[in-house]
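This report concerns only the one structure given below.
Here is how names work: the chains are called A, B, and so on, in the same order as the sequence lines, proteins then strands, and each is numbered from 1.
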Number of protein chains: 2
Amino acid sequence: MFTFDQLAGFIAVAEELHFGRAAERLNMTQPPLSRQIQKLEKIIGAELLERDNRKVELTNAGKTFLEEARRLMALAERAPASARRIASGRSGVLRIGFTAASGFSILGPLLEEISTIIPDVDVDLQELVTGDQISRLMTGELDIGLARPPFDRETFDSHLLYQESLVLAVPGGHPLTRLARDITPEDFKDEPLIMHSPIQARYFYDLVVRTLPIRHENVVHTVSQVLTMVSLVAAKRGVAFVPHSATMLGIKGVEFLPLPDGDGGQVELHAIWNRRITNPALSRLLRDLEFAME
Amino acid sequence: MFTFDQLAGFIAVAEELHFGRAAERLNMTQPPLSRQIQKLEKIIGAELLERDNRKVELTNAGKTFLEEARRLMALAERAPASARRIASGRSGVLRIGFTAASGFSILGPLLEEISTIIPDVDVDLQELVTGDQISRLMTGELDIGLARPPFDRETFDSHLLYQESLVLAVPGGHPLTRLARDITPEDFKDEPLIMHSPIQARYFYDLVVRTLPIRHENVVHTVSQVLTMVSLVAAKRGVAFVPHSATMLGIKGVEFLPLPDGDGGQVELHAIWNRRITNPALSRLLRDLEFAME
DNA sequence: ATCAAGTGATACCTGGAAGGCATCATGTTT
DNA sequence: AAACATGATGCCTTCCAGGTATCACTTGAT
């Protein structure tokens, strides 16, 4: 088994892409760091870093292992704190995952409510895409997630928190903004389109494809984050369909146009949690929020 | 920071509730195990086990830390395996670019084949014109492209996937459809022509100009996408030379006429990839598709 | 062409930590 | 009270991680 030191060493090198600087950051010298990484690679059984005398690069295996390593380190750093909190008489920790987009709408009020229901519980927040939230909910790394369908209803119980419509994000001053009427699908059929990734943002992708006439030849970018989308719109790369709450991002140079009623469907945000609840703080919260048994 | 050995020690003691038996399970003696736990508790900053001379019990802090410890160990045990899987190409992501036209012919069967060869690899699809595919293949943003010549044979290795003839797309009910014989160049020399863009669709443009007698004064539109062409034909704007697979687009109001043998040339579609392969999933795919070394 | 600089790997040494054995301290059982 | 059970402590030895010096190799400048 590898050690946390090796993980920290690997993370540092992966971030600096330079053994010397990484060693400096870790308050050690370069030679033992080199050996640390070699030993780690031997334990893993795969090359993590490609290095020659000029540069250091992550291999594909290294990239995925980097994610795992970060996850391990984060978990390891949080673990003692939660144990100490329990020991000091506080009643626990509630770990909440949320998508970047939900951070701008429901997260604030929800935290407010949580702090009145279980004021003595510490809340740990993590921004994660739906897929990562689901895997962490399964391993118990998260207690509750603010995520979008689809998820396995057998494993997870859920509560619909929020429903909002899609709007069209266009660059500021775009011709469509000067229309006196509501826009129709005709209006944007020739616009360059910034589209959701069908892999990482499958929910949005499916929703848009299902409810709006999309011409794939207009797709100029495929991205997975609402924030990225809006930034690209601001950079005049094209137009994009985003949930209404994206209007609260406060990005300059973007305007949002409502889509015609009936079009664009409704974006749903659910609170989801593993039916196999082990965290007593979560039981209390669900009971008092009164959406436990739906 | 604690060590994985300390975690394993703690888990063993927490499960056995007996230092001697736990030590035996860990293939060590009891004294160092006692010290290991003491050290862990000191690092955590909380008592994890309540022990007197008769029995060992978990404290509340110990119970929550036990969950964290198990989670950490599970994650740590899985991590090397997933990195190794990526390194051997049995998992990971394969990014495929394709032209709109190839989406209607070869893409489906190819994806089918890919999913049997490397079933647990995620496939990321992006529709891009040949030029964009080539630039993304060079930067490594794509692993494989379905594109048409010309491309640099030094940089890219390739495999001819598909060869099809050009057909003439005409509006439904057009006089030429009523001809009892095969059409000849004479038949369409005065038809309004929807032509490929010599810039964005250079391959088609060159092919058509090279193999068919085109009169440039008949060109009424210059477009770059096969789909657009066929749509314009359906709108009775003129006739167009399109690859045979365009018949599968399913656009109403268009008929397709075969060109005389020897005329119209063959449209080629290649799978191309950077010779400098870094994605192991791609290596595996190429090896098993048996067109890696041609 | 040669040389200086930069970078990761290797050789060798040393200090500290982890594990083993022996033993202690303490509570329980008979 | 004596034997037993169990976790803690003292002491020794081994081994490993880290440090210093140096090597091997590449690149870019003179």
Side-chain angles (χ1 to χ4, degrees), chain A residues 1-59 61-63 65-66 69 72-73 76 80, chain B residues 1-59 61-63 65-66 69 72-73 76 80 276 278:
Chain A
M1 175 66 66
F2 45 84
T3 70
F4 284 107
D5 283 348
Q6 287 165 353
L7 293 181
F10 171 65
I11 292 172
V13 176
E15 283 174 2
E16 300 283 346
L17 293 177
H18 188 291
F19 279 72
R21 281 195 301 275
E24 197 176 341
R25 205 169 99 180
L26 296 165
N27 292 313
M28 62 189 289
T29 56
Q30 169 263 319
L33 181 58
S34 284
R35 283 185 307 239
Q36 217 175 49
I37 303 293
Q38 288 163 14
K39 199 166 283 186
L40 179 62
E41 287 178 321
K42 193 163 184 177
I43 292 166
I44 303 301
E47 277 224 327
L48 300 175
L49 294 162
E50 180 93 38
R51 43 234 199 254
D52 61 20
N53 283 317
R54 215 64 217 155
K55 66 187 183 316
V56 178
E57 279 185 340
L58 277 167
T59 64
K63 281 177 203 159
F65 191 74
L66 177 59
L72 274 164
M73 291 301 287
Chain B
M1 176 66 68
F2 45 84
T3 70
F4 284 107
D5 284 348
Q6 287 164 356
L7 292 181
F10 172 65
I11 292 172
V13 176
E15 283 173 3
E16 299 284 346
L17 293 177
H18 187 290
F19 278 73
R21 281 194 301 275
E24 196 176 341
R25 205 169 97 178
L26 296 165
N27 291 312
M28 61 189 290
T29 56
Q30 167 265 321
L33 181 57
S34 283
R35 282 185 303 236
Q36 218 176 49
I37 302 294
Q38 289 162 16
K39 200 168 281 187
L40 180 62
E41 287 178 319
K42 191 163 183 180
I43 291 167
I44 303 300
E47 279 224 326
L48 301 175
L49 295 161
E50 180 93 37
R51 42 235 199 252
D52 60 24
N53 285 319
R54 211 63 217 152
K55 66 186 183 318
V56 178
E57 279 185 340
L58 277 166
T59 63
K63 281 177 201 159
F65 191 75
L66 177 59
L72 273 164
M73 292 300 288
R276 205 186 100 258
T278 57

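- Of the side-chain N and O atoms in B:Lys39, one or more sit less than 4.0 angstrom from OP1 or OP2 of C:dA18.
- Put simply, A:Gln38 has a side-chain N or O that comes within less than 4.0 Å of OP1 or OP2 on C:dT10.
- In this structure, A:Arg54 does not reach the C:dG6 phosphate: none of its side-chain N or O atoms is under 4.0 Å from OP1 or OP2.
- B:Ile37 places its CD1 atom 9 Å from the P atom of D:dA8, with the value rounded to the nearest Å.
- Atom CD in A:Gln30 sits about 15 Å away from atom P in D:dT22, given to the nearest Å.
- Atom NZ in B:Lys55 sits about 11 Å away from atom C1' in C:dG27, given to the nearest Å.
- At D:dG18, none of the side-chain N or O atoms of A:Thr29 fall inside 4.0 Å of OP1 or OP2 (strictly under the cut-off).
- Rounded to a whole Å, the CG atom of B:Leu26 is 10 Å from the P atom of C:dG20.
- Contact between the side-chain N/O atoms of A:His18 and the OP1/OP2 oxygens of C:dG8 is found at a separation under 4.0 Å.
- Protein atom CG of B:Leu33 is 11 Å distant from nucleotide atom C1' of C:dG19, rounded to whole Å.
- Between B:Ser34 and the phosphate of D:dA8, there is a side-chain N or O to OP1/OP2 separation shorter than 4.0 Å.
- The neighbour count for B:Glu16 CD, taken as heavy atoms of other residues, nucleotides or ligands under 6.0 Å away, is above 12.
- Between A:Phe65 and A:Phe2, the angle of the ring planes goes over 60°, which puts this pair in the perpendicular group of the 30/60° scheme.
- Side-chain contact between B:Leu49 and B:Thr59: absent, with no pair of heavy atoms (C-beta onward) separated by less than 4.5 Å.
- At a cut-off of 3.5 angstrom, counting only N and O atoms as typed in the model, there is no donor on one side facing an acceptor on the other between the side-chain of B:Gln36 and the base of C:dA18.
- Going from atom CZ of B:Phe19 over to atom P of D:dA8 covers 5 Å, rounded to whole Å.
- Heavy atoms of other residues, nucleotides or ligands lying less than 6.0 angstrom from CD of B:Glu15 number more than 12.
- Here the side chain of B:Met28 is nearest to one of C:dA9, C:dG20, D:dG7, namely C:dG20.
- Note: CG (B:Asp52) to P (D:dG7) measures 9 Å, nearest angstrom.
- For A:Arg35 and C:dA11, the shortest distance from a side-chain N or O to OP1 or OP2 is not below 4.0 Å.
- Rounded to whole Å, the distance from CZ on A:Phe4 to C1' on D:dA17 is 18 Å.
- By the 4.5 Å heavy-atom criterion applied to side chains, A:Glu41 and A:Ile37 are counted as neighbours.
- Checked against D:dA21, D:dG7, C:dA22, the side chain of A:Pro31 finds its nearest nucleotide in D:dA21.
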